[in-house]
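To keep things clear, I will list the structure first and then write my remarks on it.
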Amino acid sequence: MSFGDKVHNVVFVLGPPGSGKGTQCSKIQSNLGFIHLSAGDLLRAERQRKGSEFGELIETHIRNGSIVPVEITCKLLENAMLASGDSVKGFLIDGFPRNQDNLDGWQREMSDKVKVHFVLYLSAAIEVCVQRCLNRGQGRTDDNEESIQKRIVTYNEQTFPIIKHYEKLDMVREINGEKSSDEVYAEVERAFKNAGFRHHA
Ligand SMILES: Nc1ncnc2c1ncn2[C@@H]1O[C@H](COP(=O)(O)OP(=O)(O)OP(=O)(O)O)[C@@H](O)[C@H]1O
Ligand SMILES: Nc1ccn([C@@H]2O[C@H](COP(=O)(O)O)[C@@H](O)[C@H]2O)c(=O)n1
Ligand SMILES: [Mg+2]
């Protein structure tokens, strides 16, 4: 399997933990036909995969809120993109690139295979995000006070500079993630329309 000649459309989705990235991505997938690929979900699946050589390393990073080396994450993303076939409208890459290592690895491996249209940035106050993670109820091993604090430090120190990097390139579309899920989505859809992506049939 290979990417062939097709250049895939990509939108990165970033924001603090619990800002609503996954929630909005599923709405976009249903309404606009983009495929949602969450880097965190792919890492959690790899952690659970029987025979994975990376399971323990991934779990340590997840609990510590630190970032898994890009070689692992980028390969998981690339495999998921390949598995989706050639006819997809585009990919929403949720929770990536999370740090400079993610960004450098992506540029090395993927920049000639995809076009990144913009970065959807869901902003929300940290207190709101913490409460949402604590109330999420999905049994995530990092939805506890200690891991959440570490994830926030990682976000502030490593991810926010990546958002700033894309801001300098005028690629960031910031949306207030504190509003109701439907209100946020209305603005999200506007950002996609402005980039030329409309409702799928
Ligand atoms: N706009 C919203 N208003 C209220 N609650 C929300 C909103 N968006 C999402 N939530 C809830 O907040 C929690 C976190 O949402 P979600 O999983 O989408 O965030 P995330 O940004 O993907 O988080 P993480 O980075 O930790 O994966 C979920 O329980 C979700 O139902
Ligand atoms: N690019 C990424 C994305 C995620 N991780 C690790 O997974 C954890 C959970 O991510 P969510 O987006 O689902 O919140 C995150 O805290 C990291 O440990 C990563 O390493 N690299
Ligand atoms: Mg998520």
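Order of listing sets the numbers, starting from 1, for every ligand and every atom in it.
A donor-acceptor pair is defined here as one N or O able to donate and one able to accept, closer than 3.5 Å; such a pair exists between the side chain of R132 and the backbone of S19. Judged purely by atom type and a 3.5 angstrom limit, S52 has no side-chain atom pairing as donor or acceptor with the backbone of Q48. At least one donor-acceptor pair under 3.5 Å links the side chain of Q24 to the backbone N or O of S181. Within the 3.5 Å criterion, the main-chain N or O of S87 finds no donor-acceptor partner in the side chain of K6. When atom types are taken as modelled, the side chain of N9 and the backbone of K89 share a donor-acceptor pair closer than 3.5 angstrom.
Considering backbone and side-chain N/O of G20, one or more are found under 3.5 Å from N/O of ligand 1. Ligand 1 has no nitrogen or oxygen under 3.5 angstrom from a nitrogen or oxygen of R98. Here's the thing with C133: none of its N/O atoms is less than 3.5 angstrom from an N/O atom of ligand 1. The N/O atoms of N135, backbone and side chain alike, include none that comes under 3.5 Å of an N/O atom in ligand 1.
Among protein heavy atoms, atom 16 (P) of ligand 1 sits closest to T23 OG1, 3.6 Å. The closest protein non-hydrogen atom to atom 3 (N) of ligand 1 is R132 NH2, 3.3 Å. Protein heavy atom at the shortest distance from atom 26 (O) of ligand 1 is R151 NH2, 2.7 Å. Regarding atom 22 (O) of ligand 1, its nearest protein heavy-atom neighbour is G22 N, 3.0 Å. Closest protein heavy atom to atom 25 (O) of ligand 1: K21 NZ, 2.7 Å. From the protein, the heavy atom lying nearest to atom 17 (O) of ligand 1 is R136 NH1, 2.8 Å.
The closest approach between a heavy atom of S19 and any atom of ligand 1 is below 4.0 Å. For the pair E183 and ligand 1, no heavy-atom separation below 4.0 Å is found. Contact annotation: G18 has at least one heavy atom less than 4.0 Å from an atom of ligand 1. Ligand 1 does not have G15 within reach: every non-hydrogen atom of the residue lies 4.0 Å or more from it. Ligand 1 does not have G137 within reach: every non-hydrogen atom of the residue lies 4.0 Å or more from it. Residue contacts with ligand 1 include K179, since one or more of its heavy atoms lies under 4.0 Å from the ligand.
Rounding to the nearest 0.5 Å gives a distance of 10.0 Å between CG of L77 and CG of D94.
In this model, a donor atom of one side chain and an acceptor atom of the other lie less than 3.5 Å apart for S180 and E183.
Residues R44 and R140 are in side-chain contact: their nearest non-hydrogen atoms beyond the backbone lie under 4.5 Å apart. Between P16 and I126, some side-chain heavy-atom pair lies under the 4.5 Å cut-off.
Residue contacts with ligand 1 for R140 involve side-chain atoms from C-beta outward but no N, CA, C or O (heavy atoms, distance under 4.0 Å).
Close approach to G177 involves these atoms of ligand 1, each under 4.0 Å from a residue heavy atom: 1 (N). Near S180, meaning under 4.0 Å from any of its heavy atoms, are these atoms of ligand 1: 1 (N). Those atoms of ligand 1 with a heavy atom of P17 less than 4.0 angstrom away are 25 (O), 26 (O).
For the salt bridge (charged side-chain N to carboxylate O under 4.0 Å, His left out) test, no residue two or more places apart in sequence or in another chain qualifies with R98. Residues passing the ring-ring contact (aromatic ring centres under 6.0 Å, His included) test with Y185: none are found, sequence neighbours excluded.
Classification of E187 and R190 as a salt-bridged pair fails, no side-chain N sitting under 4.0 Å from a carboxylate O. Under 4.0 Å is where a charged nitrogen must lie from a carboxylate oxygen, and between K27 and D182 at least one such pair does. Between K150 and E146, at least one side-chain nitrogen of the basic residue sits less than 4.0 Å from a carboxylate oxygen of the acidic one, meeting the salt-bridge criterion.
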Dump all N/O pairs between ligand 2 and the protein below 3.5 Å as a table: atom names plus distance, one pair per row.
| from | atom 1 | to | atom 2 | distance (Å) |
| --- | --- | --- | --- | --- |
| ligand 2 | 1 (N) | G95 | O | 3.0 |
| ligand 2 | 1 (N) | N102 | OD1 | 3.0 |
| ligand 2 | 10 (O) | R98 | NH2 | 3.2 |
| ligand 2 | 12 (O) | R98 | NH1 | 3.1 |
| ligand 2 | 12 (O) | R98 | NH2 | 3.2 |
| ligand 2 | 13 (O) | R44 | NH1 | 3.1 |
| ligand 2 | 13 (O) | R44 | NH2 | 2.8 |
| ligand 2 | 13 (O) | R140 | NH1 | 3.4 |
| ligand 2 | 13 (O) | R140 | NH2 | 3.4 |
| ligand 2 | 14 (O) | R140 | NH2 | 2.9 |
| ligand 2 | 18 (O) | H61 | O | 3.4 |
| ligand 2 | 18 (O) | S66 | O | 2.7 |
| ligand 2 | 20 (O) | V68 | N | 2.7 |

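Residue pairs meeting the ring pair (Phe, Tyr, Trp, His ring centres under 6.0 Å) criterion with at least one member in residues 13-64, sequence neighbours excluded, are F34-F192, F34-F197.
For the side chain to side chain contact (heavy atoms under 4.5 Å, CB included) with I162, the qualifying choice from N102, V119, L103 is L103, the only one to do so.
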